[in-house]
**Q** 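Sharing a structure, written as structure tokens. Questions coming.
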Amino acid sequence: MLVHRRRATDPPASEITPQAIYADRRRLMERAAAGGLLAAAPVLRAADAPPPAAPRLRTRASAFSSSEKSTGLREVTSYNNFYEFGTDKSDPARHARALTTRPWTVAVEGEVHRPRVFGIEELLALAPIEERIYRMRCVEGWSMVIPWAGFPLAELVRRVEPTGNAKYVEFVTLADRAQMPGLRSGVLQWPYVEGLRLDEAMHPLTLLTLGLYGELLPNQNGAPVRVVVPWKYGFKSGKSIVRIRFVEKQPLTSWNRAAPQEYGFYSNVNPEVSHPRWSQATERRIGEDGFLQRKRPTLMFNGYAGEVASLYAGMDLRRFF
Ligand code: MTE
């Protein structure tokens, strides 16, 4: 995430399969299977068929969804940042495959009246799961539109009853050297830690995320549970969470600790505040905007100003970047 360079591994837009085509391929596979045409399947699989489908989640639509075209499933699952599995965009898809996500627990603790350890199946049943199509903006200057599946984090927060001392929420993610080859690198201190102010965590847009494209989260996207905070740069959306801690003091987050002058605690998408080494005024939509094409303008709070600007009323956003 430190530098955005065009790498040999970045898929050019022309090579990426749009979701509709992907879905067609899947339908073809399903029809082949249903019609006893499975003999054709090994050929398709060997060539470029998608991996077997994960279990479908039952989701309901949300008024918070963007009407923009979603980025193709293939790009969403092959162009990732998940440094525990390597720093190359293609590393997470390759190395996270073997991550064990069952059983999985999330300890919710700290300044709460009812600390609790949730099993992943309990989380899946905690509240109705919505499809939330969110714009996502990475601090590196690219963006995607992703149909996440989850429910407001506030649903979980309410169940543990924060005390009056809870001002911030810290998200601690898995750090398992046996499963995560990226932990050998000193690029960050592990575990990866992120944090939000309590009111940000309670905002209805902040999603406890369990799936995407109607299926359980692929490992490279943060299985089995992550948060998604769409008005902030993508690194605030911690993956593979094992602990959620309510605290009084602002947590020291991984990127803030690694490079405080570059990555602030708030990290709200703000086209008017440049990163010290590059502008944040424009972005390239993965799968749509070619490298030679003019980049599209980045919107204040990633386009969610109407919903979240009031959280920052009176704050100097150049200072609290
Ligand atoms: N969470 C963990 N645990 N480790 C990471 O390296 N990378 C962050 C964020 N969450 C990261 C993480 C960054 S920089 C981005 S842009 C998003 O995840 C990418 O999410 P995606 O790959 O699902 O699009």
Side-chain angles (χ1 to χ4, degrees), residues 1-4 9-11 16 70-96 99 101 104 106 132-150 170-176 179-183 185-196 206-213 215-244 253-259 262-263 267 269 275 280 283-287 298 302:
M1 194 174 98
L2 286 168
V3 204
H4 178 61
T9 46
D10 287 5
I16 283 161
S70 292
T71 305
L73 177 65
R74 180 154 302 191
E75 298 123 295
V76 170
T77 56
S78 63
Y79 191 86
N80 301 102
N81 276 335
F82 199 166
Y83 277 14
E84 289 86 334
F85 294 100
T87 54
D88 219 89
K89 294 286 179 281
S90 59
D91 284 338
R94 204 171 321 130
H95 301 303
L99 177 70
T101 58
W104 190 280
V106 179
R132 295 275 186 105
I133 306 172
Y134 282 165
R135 275 187 296 279
M136 301 298 292
R137 170 64 156 78
C138 179
V139 75
E140 296 164 338
W142 49 269
S143 63
M144 296 192 191
V145 178
I146 304 183
W148 300 110
E170 181 183 66
F171 303 92
V172 182
T173 76
L174 184 72
D176 179 355
Q179 299 194 78
M180 298 173 139
L183 263 54
S185 104
V187 62
L188 285 175
Q189 280 195 30
W190 314 106
Y192 191 97
V193 173
E194 256 312 331
L196 295 172
T206 302
L207 199 69
L208 191 79
T209 303
L210 299 151
L212 61 80
Y213 266 114
E215 296 178 355
L216 292 172
L217 275 177
N219 290 352
Q220 60 268 39
N221 294 92
V225 57
R226 70 180 295 181
V227 283
V228 170
V229 193
W231 72 93
K232 293 179 179 280
Y233 293 115
F235 67 88
K236 296 297 288 181
S237 298
K239 296 175 164 183
S240 303
I241 292 171
V242 292
R243 193 176 304 279
I244 299 177
T253 59
S254 290
W255 282 104
N256 187 225
R257 178 198 286 240
E262 303 195 5
Y263 308 110
S267 295
V269 174
H275 182 279
Q280 293 290 22
E283 67 199 51
R284 186 171 61 85
R285 181 67 49 86
I286 298 290
T298 285
N302 202 23

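In each ligand, atom 1 is the first atom listed, and ligand 1 is the first ligand listed. Note that the structure is predicted; figures quoted are calculated from it, not measured.
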**Q** Indicate yes or no: does an N/O atom of Trp255 lie under 3.5 Å from an N/O atom of ligand 1?
**A** no
**Q** Nearest non-hydrogen contact with atom 22 (O) of ligand 1 belongs to which option: Glu194, Lys239, Glu84?
**A** Lys239
**Q** Considering only heavy atoms, does Tyr192 approach ligand 1 within less than 4.0 Å through its side chain, its backbone, both, or neither?
**A** side chain
**Q** In ligand 1, which numbered atoms sit nearer than 4.0 Å to a non-hydrogen atom of Phe82?
**A** 2 (C), 3 (N), 4 (N), 5 (C), 6 (O)
**Q** With only distance considered, is Trp148 within less than 3.5 Å of ligand 1 through an N or O on each side?
**A** no
**Q** Work out whether the distance between some heavy atom of Arg226 and some atom of ligand 1 is less than 4.0 Å.
**A** yes
**Q** Mark yes or no for whether Lys239, through its side chain, and Asn81, through its backbone, hold a donor-acceptor pair below 3.5 Å.
**A** yes
**Q** Between the side chains of Arg285 and Ser143, does any donor sit under 3.5 Å from an acceptor?
**A** yes
**Q** Could you check whether any heavy atom of Ser240 sits closer than 4.0 Å to an atom of ligand 1, since that is the contact criterion I want to use?
**A** no
**Q** Can you tell me if Thr209 uses its side chain to pair, donor with acceptor, with the backbone of Leu207 under 3.5 Å?
**A** yes
**Q** Using a 4.0 Å heavy-atom cut-off, say whether Asn81 meets ligand 1 through its side chain, its backbone, both or neither.
**A** both
**Q** Within the distance-only criterion (no hydrogens, no angle test), does the side chain of Asn80 pair as donor or acceptor with the backbone N or O of Ala93 below 3.5 angstrom?
**A** no
**Q** With a 4.0 Å cut-off on heavy atoms, does Ser237 reach ligand 1?
**A** yes
**Q** Please identify which atoms of ligand 1 are closer than 4.0 Å to at least one heavy atom of Thr173.
**A** 3 (N)
**Q** Would you say Asn221 and ligand 1 have an N/O pair spaced under 3.5 Å apart?
**A** yes
**Q** Do the side chains of Lys89 and Glu140 get close enough for a salt bridge, i.e. N-O under 4.0 angstrom?
**A** yes
**Q** For the residue pair Gly182 and Trp190, what are the closest heavy atoms and their distance?
**A** O-CZ2, 3.7 Å
